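Every value quoted in this text rests on a predicted model; they were computed, and no experiment measured them. Sequence lines set the chain letters: A, B, ... in the order given, protein chains first and strands last, and positions in each chain run from 1.
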Amino acid sequence: MIEIEINGNVVKAKAGEMLIQVTDREGISVPRFCYHKKLSVVASCRMCLVDVEGAPKPQPACSTPVNEGMKVHTQNDKAKASQKAVMEFLLINHPLDCPICDQGGECELQDVAVEYGSDISRFSESKRIVPDGDIGALIQADMTRCIHCTRCVRFGLEIAGMMEMGGTGRGEHLKIEPFLKEGIQSELSGNMIDVCPVGALTSKPFRYELRSWQMHSMPNIARHDLVGSNLFVQTYKGKVKRVVSADNDLINETWISDRDRFSYEGLTHKNRLLEPQIKVQGQWQQVSWKVALDYAVKGLNSHVLKHQKVNQLGGLASSTATMEEFYLLKKILTEVGCDNIDHRLNVKNLDNVITLDSNIKLGALEKIDYALIVGANIRLEQPMINHRLRKATKKGADIDELNVMAFDFNHPLDTKNITAPNKIAPTLAGVLKSIMISNTQELPDYLLAVEVGEVANNIAAKLLNSRSSVIILGEHIINNEDASTIANLITQIAQNTNSKTLNLSITANTMSANWVGFVPQNSGMNVNTMLASDMRGFILLDIYPQYDFHDLETAVKAFTKDDTFVISLNSFKDDIVAGYSNVILPIASVYETSGTQLNINNDMQSYTAAVKAPDEVKPAWKVLKVMADLLALPSFHYADSAQVLAEIFHQPQTKHTHDENVNLTSKHHGISIIWQNSPYSIDAVLRHSNALQKTKIGQMNSAYMNQASAETLGLSADDKYLGVPVVITNTVADDCVFINANQAVNTQGQT
Amino acid sequence: MIKKLSKLVKSFTLSELRTGLKITAKELVNKKITVQFPEERTPISPRFRGLHALRRYPNGEERCIACKLCEAVCPANAITIESEMRDDGTRRTTMYDIDLFKCIFCGFCEEACPVDAIVETQIFDYAFESRQGSIMTKKRLLEVGSENTQVINQTKFEDAKYK
């Protein structure tokens with residue numbers, strides 16, 4: 001620690017730190033445009049000039065390191081005069097269109113101009129005008145307003161990992177624009193809106209709607225991935241109008257993904273379910289909550305409870321539910337004596353599930369020196385986790401993938417191992433064998449016959465040589481024939497190399513479902529068994545079968561049976577749901593309910609509702625509570641969801657025990673299909689947000705396969721496979737079709 | 001003593017009554033200043049702050065660009081604006097309401113307007129015939145603006161040199 005003097009006050013600082021970091025910490029205001037705490041320093045705007053005693057000229061605070069005994073004046077005549085001069089230059093070309101600029105009221109240039117700007121322009125020549133192109137569905141560009149701070153360019157280069165924006169031309173002709181005519185396509189692009197200090201880049205869906213001072217800002221938590229990014233939901237007259245990021249260095253730093261930023265648009269979609277409905281003699285009727293809930297409870301009683309058929313009742317929830325909702329649904333079912341509970345809707349074989357702990361903090365991910373990604377397109381599936389990995393690569397970490405297809409990463413990969421789905425387990429077994437041989441450990445029986453290939457040797461060597469490494473298991477493995485074997489192999493590899501593991505095969509709020517034990521109780525049935533057996537009643541929480549189930553037909557068949565009573569709690573209208581349900585209860589969607597999200601680091605983050613749900617829509621935890629009351633179940637006395645959470649804390653935490661068997665004997669041939677909903681189609685709100693659907697990621701809808709697989713399946717590039725357009729590319733492994741779909745399916749997962 | 005004496009003289013000579021009657025007599029023959037409202041009207045300052053109006057450009061395009069500065073500056077929260085992007089890509093209001101019951105006619109909206117769209121006219125004699133009448137909608141404001149274009153232009157021109 002050293003001491004420096006700023007404006008006559010002695011303050012402490014770390015040697016080598018930049019001056020602006022010290023002034024920011026001390027709350028001394030220094031104007032700036034190009035400096036951003038999470039981006040590199042370029043000192044190009046010169047707005048932060050301050051007077052340093054001993055220096056002949058004013059120095060930029062953002063790129064002047066502090067020295068012992070340094071004396072700095074941020075507000076003396078010399079500093080002020082230089083700041084005013086810079087401001088005058090910046091305003092030469094900046095248009096005076098603040099009244100129609102969306103940044104007006106939250107504009108850094110406006111704020112600084114009030115303090116440092118002159119009231120009269122001495123510039124009478126013509127101003128620069130920059131024509132704008134369309135740069136995508138999310139960002140509105142108005143580059144005449146640009147002051148060339150290059151924050152967006154550096155954001156693209158340093159954070160998003162794609163230099164999509166760049167400066168072309170020189171001097172007066174310098175233009176900041178996307179290099180490609182397709183515009184901005186990054187999954188983190190929305191952050192450019194936040195970093196832009198002027199109105200050059202603004203939010204397109206929010207364009208011309210409101211001023212920043214008109215809205216209420218409510219802290220909330222993003223619910224679309226495993227990170228639980230912190231954000232502010234900005235509301236006006238009870239509607240969500242905009243979402244911006246909030247700082248939390250442990251979770252999302254200061255960035256949020258586009259998915260979290262723009263999903264709010266779905267809330268006002270015309271497809272929202274607004275009133276409770278009951279089906280009477282095949283006809284839907286919109287009714288009051290009282291009628292609907294009475295009908296639901298009567299239906300449950302007559303179909304299930306009265307005839308002692310509790311074991312023919314099932315409760316299913318999608319992974320988007322809140323922790324409280326998982327808990328209450330489970331509590332209702334267990335209290336009526338039903339053990340059939342599940343949330344793992346998209347897993348084909350529930351005897352072969354992934355059980356893998358995540359034992360690395362997001363912050364620690366930045367510090368690893370080796371990562372192995374198994375079966376994940378991590379950039380699109382978990383953008384904020386990928387961001388941490390990217391930071392690690394910038395510090396020199398090596399990353400290898402063991403994927404079924406070569407995905408676009410925004411960081412360098414050391415080796416791209418494109419492996420057929422049925423070869424992943426043998427390869428990992430090879431890795432384990434290689435490691436055990438290196439460690440001179442005794443090999444277990446199942447490894448004796450394993451062949452160790454070059455790929456496996458390579459990975460093993462890197463794992464052994466790294467100081468801190470992580471093995472990441474992704475969603476593409478869920479329905480792999482060797483899923484549990486792969487997970488167990490990874491656990492063992494990690495144990496033998498002191499690696500950490502990260503289980504990204506789950507998503508949204510699955511961590512909460514596991515926390516409250518939303519899985520079959522005692523001898524209860526799992527989802528697949530339920531769908532295959534003779535059920536009389538279902539309670540379905542926010543389920544859209546065409547997206548959520550691996551096998552739509554079986555699910556719909558099970559729900560549509562004549563004497564099966566189905567209660568659906570949904571936020572959006574859906575024909576298939578309407579087809580099989582007997583009661584549909586409208587429930588609150590994101591930002592409309594209070595709840596709790598558990599992220600991959602086990603950070604439990606509770607949030608309150610930012611807006612009231614529209615019309616008759618109610619938060620699901622309330623609906624479940626009232627349903628429990630009507631079923632005359634005791635101990636459902638909750639006044640708010642915090643009390644539910646308090647009760648969850650008092651429950652013994654469910655311990656998951658699983659076998660650690662490795663079974664390498666399974667021989668499966670033929671083509672495996674990996675079906676992934678595309679990143680902006682993973683839940684109902686996202687599917688209804690217009691702007692996101694218009695982006696390139698939102699439009700992803702392809703069945704990728706290589707030439708050999710296409711020939712085996714008798715397909716050509718113009719065909720569709722399972723309703724999804726075929727793309728033939730040699731980046732896909734043999735015997736594999738990788739589908740990224742933004743559409744519903746009819747015959748998903750069938751070969 | 002002298003004061004008392006002069007008071008006595010004044011009261012006996014009816015001096016004050018005469019002074020008063022003198023004015024009455026003078027006004028009896030002078031030109032009348034009573035204005036027969038509403039047939040006749042007193043002159044009004046160009047700065048008079050009466051009923052609001054929204055102006056248009058000579059080509060018929062509405063001036064207001066939905067910047068919402070008037071809404072922000074209004075001390076009585078009388079103005080409510082909703083905006084959107086019009087089909088031609090410009091920023092326009094979809095709703096522009098002034099609640100005349102809330103309005104205190106301070107003229108801040110006019111001061112704040114960067115495009116001289118919202119103005120206060122010289123109209124002060126208006127009445128509401130329904131409960132909704134106190135809300136000046138965008139349509140009504142624009143109507144007031146176009147009906148009084150000339151007067152508004154004239155008064156704004158007269159006042160411009162003092163701004």
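A donor-acceptor contact shorter than 3.5 Å is absent between the side chain of S15(B) and the backbone of S11(B). When atom types are taken as modelled, the side chain of D159(B) and the backbone of T155(B) share no donor-acceptor pair closer than 3.5 angstrom.
Using a 4.5 Å heavy-atom threshold, the side chains of I193(A) and F206(A) count as separate. Residues I135(B) and I98(B) form no side-chain contact, since every pair of their non-hydrogen atoms from C-beta on lies 4.5 Å or further apart. Contact check for T42(B) versus F37(B): no side-chain heavy atoms found under the 4.5 Å cut-off.
Using modelled atom types and a 3.5 Å distance limit, the side chains of Q150(B) and Q154(B) yield no donor-acceptor pair.
Within the 4.5 angstrom heavy-atom criterion, atoms from both the backbone and the side chain of L210(A) approach chain B. Residue contact with chain B, scored on non-hydrogen atoms closer than 4.5 Å, involves the backbone of C101(A) exclusively.
Taken from CG in L141(B) to OG in S146(B), the straight-line distance is 10.5 Å, to the nearest 0.5 Å.
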Just list the donor-acceptor pairs under 3.5 angstrom between chain B and chain A, please.
residue, atom, partner, partner atom, Å
C67(B), O, R211(A), NE, 2.8
C67(B), O, R211(A), NH2, 3.3
K68(B), NZ, E209(A), O, 2.8
K68(B), NZ, Q214(A), OE1, 3.2
E71(B), OE1, Q214(A), NE2, 2.9
E71(B), OE2, Q214(A), NE2, 3.4
E82(B), OE2, K237(A), NZ, 3.4
S83(B), OG, Y208(A), O, 2.5
S83(B), OG, E209(A), O, 3.0
R91(B), NH1, D102(A), OD1, 3.1

